[in-house]
Amino acid sequence: MFDKEIEFSAHEDYFALKEDYPIPTKLNIPEWYKKLDHTIFNKTVKGCMPFLDSLTLGYLLKMPQDFHIRHNVINKNEKGEEFKDSFQTFGLHDQSQFLHIKNVNLNSGFDTHSLKQVEGSPFIEKNKNLPFYKILNPWKIKTPKGYSCLFVSPLNNSDDRFSIIPAIVDTDVFPNEINFPIIINGDKYPILEDTIKKGTPYVQIIPFKRDSWKIVIKPRKQKEIQNSRLFYGLKIINVYKDKYWNKKSWK
């Protein structure tokens, strides 16, 4: 029985297009993972339930349009002065179908954050000292009272060209769409000219209940540690899955 709902809503015209709706993360399992075998003689991450949980946790947002990246590319303006391109869009999949939509969070497809907003952070060097561009998300997200959402790049399945800046939003009360600043992976791509295609999953949404916590730190008895390691060290496949793991459900 499902007693919790997460609601995604968008302008009626955008909703009617039936394109790039949010999906459960479990529908985006990477092919390399599907092809892995896991046996008693060949143990792989395919048998690691914590890893599988990360691949199936929550929901995904997809890119609402094609984005053409020109990251750290040197160009010249009409005066012959050099400047660095950072990011621009190709426009929507079929931009004409959006021209009549009013108050939709897809005006130009992106916005910017100045470097001063994250001054001193490691993000600046990774992004090659260029402005941070922000993907405009057309979906408003609503969770039950007392529930927030953690937003991260898809766990263990992210695009190697860019990532979002992780954040938490109290989605039970926040009334608007949530936009996502991105960081270009300048460590791998100091210069990058490429297209992030419309429909590319780029944000993983993890709802959670807001609880108050306190930290407790205490010792463990040596015998307790030995006993737990003895059992877990037995030549048994899927010990964690069979004895400790709890199945999660995301629909």
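A donor-acceptor pair shorter than 3.5 Å cannot be found between the side chains of Asp66 and Thr195. A donor-acceptor contact closer than 3.5 angstrom links the side chains of Thr171 and Thr143.
Between the CG atom of Asp159 and the CE atom of Met63 there is a distance of 8.0 Å, given to the nearest 0.5 Å.
Under the ring-ring contact (aromatic ring centres under 6.0 Å, His included) rule, Trp139 has a single partner from Tyr59, Phe151, Tyr21, which is Tyr21.
Lys43 and His38 make their closest contact through CA-ND1, 3.4 Å (heavy atoms, listed as atom of the first residue, atom of the second, distance).
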*So His68 and Glu193, side-chain contact (heavy atoms from CB on, under 4.5 Å) or not? Walk me through it.*
CA-CA 7 Å; His68 184 54; Glu193 185 167 5; 3.5 Å; yes

*Can you list the steps and then say if Trp32 with Val45 is a side-chain contact (heavy atoms from CB on, under 4.5 Å)?*
CA-CA 11 Å; Trp32 66 264; Val45 74; 4.1 Å; yes

*Test salt bridge (charged side-chain N to carboxylate O under 4.0 Å, His left out) on Lys142 and Asp172 and set out the steps.*
CA-CA 6 Å; Lys142 180 72 173 178; Asp172 55 342; over 6 Å; no

*Just do the side-chain contact (heavy atoms from CB on, under 4.5 Å) check on Tyr133 and Ile184 with the steps written out, would you?*
CA-CA 9 Å; Tyr133 282 81; Ile184 303 300; over 6 Å; no

*Would Leu61 and Tyr202 satisfy side-chain contact (heavy atoms from CB on, under 4.5 Å), going step by step from the backbone distance to the final call?*
CA-CA 6 Å; Leu61 292 179; Tyr202 74 109; 4.1 Å; yes

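At least one donor-acceptor pair under 3.5 Å links the side chain of Asn137 to the backbone N or O of Ile178. A distance-only check finds a donor-acceptor pair linking the side chain of Asn185 to the backbone of Asp160 [under 3.5 Å]. With hydrogens and angles disregarded, no donor-acceptor distance shorter than 3.5 Å links the side chain of Ser163 to the backbone of Ser153. The main-chain N or O of Lys197 is found under 3.5 Å from a side-chain atom of Thr200 such that the two form a donor-acceptor pair. Gln204 contributes a side-chain N or O that, together with a main-chain N or O of Ser54, makes up a donor-acceptor pair within less than 3.5 Å. Between the Thr25 side chain and the Leu55 main chain, no donor and acceptor come within less than 3.5 Å of each other.
Annotation for Lys248: atom NZ counts as buried by contact number, over 12 foreign heavy atoms lying within 6.0 Å. The number of heavy-atom neighbours closer than 6.0 Å to CZ of Phe15, taken from other residues, nucleotides and ligands shown, is 12 or below. Counting heavy-atom neighbours within 6.0 Å of Lys18 NZ, excluding the residue itself, gives a total of 12 or less.
Ion pairing of Asp187 with Lys126 is present here, as a side-chain N (NZ or NE/NH1/NH2) and a carboxylate O approach within less than 4.0 Å. With respect to Glu7 and Lys140, no salt bridge is recorded, no charged nitrogen being found less than 4.0 Å from a carboxylate O.
The closest side-chain heavy-atom distance from Ile69 to Ile196 is below 4.5 Å.
With Tyr33 as the aromatic partner, Lys46 meets the cation-pi criteria of under 6.0 angstrom to the ring centre and within 45 degrees of the ring axis.
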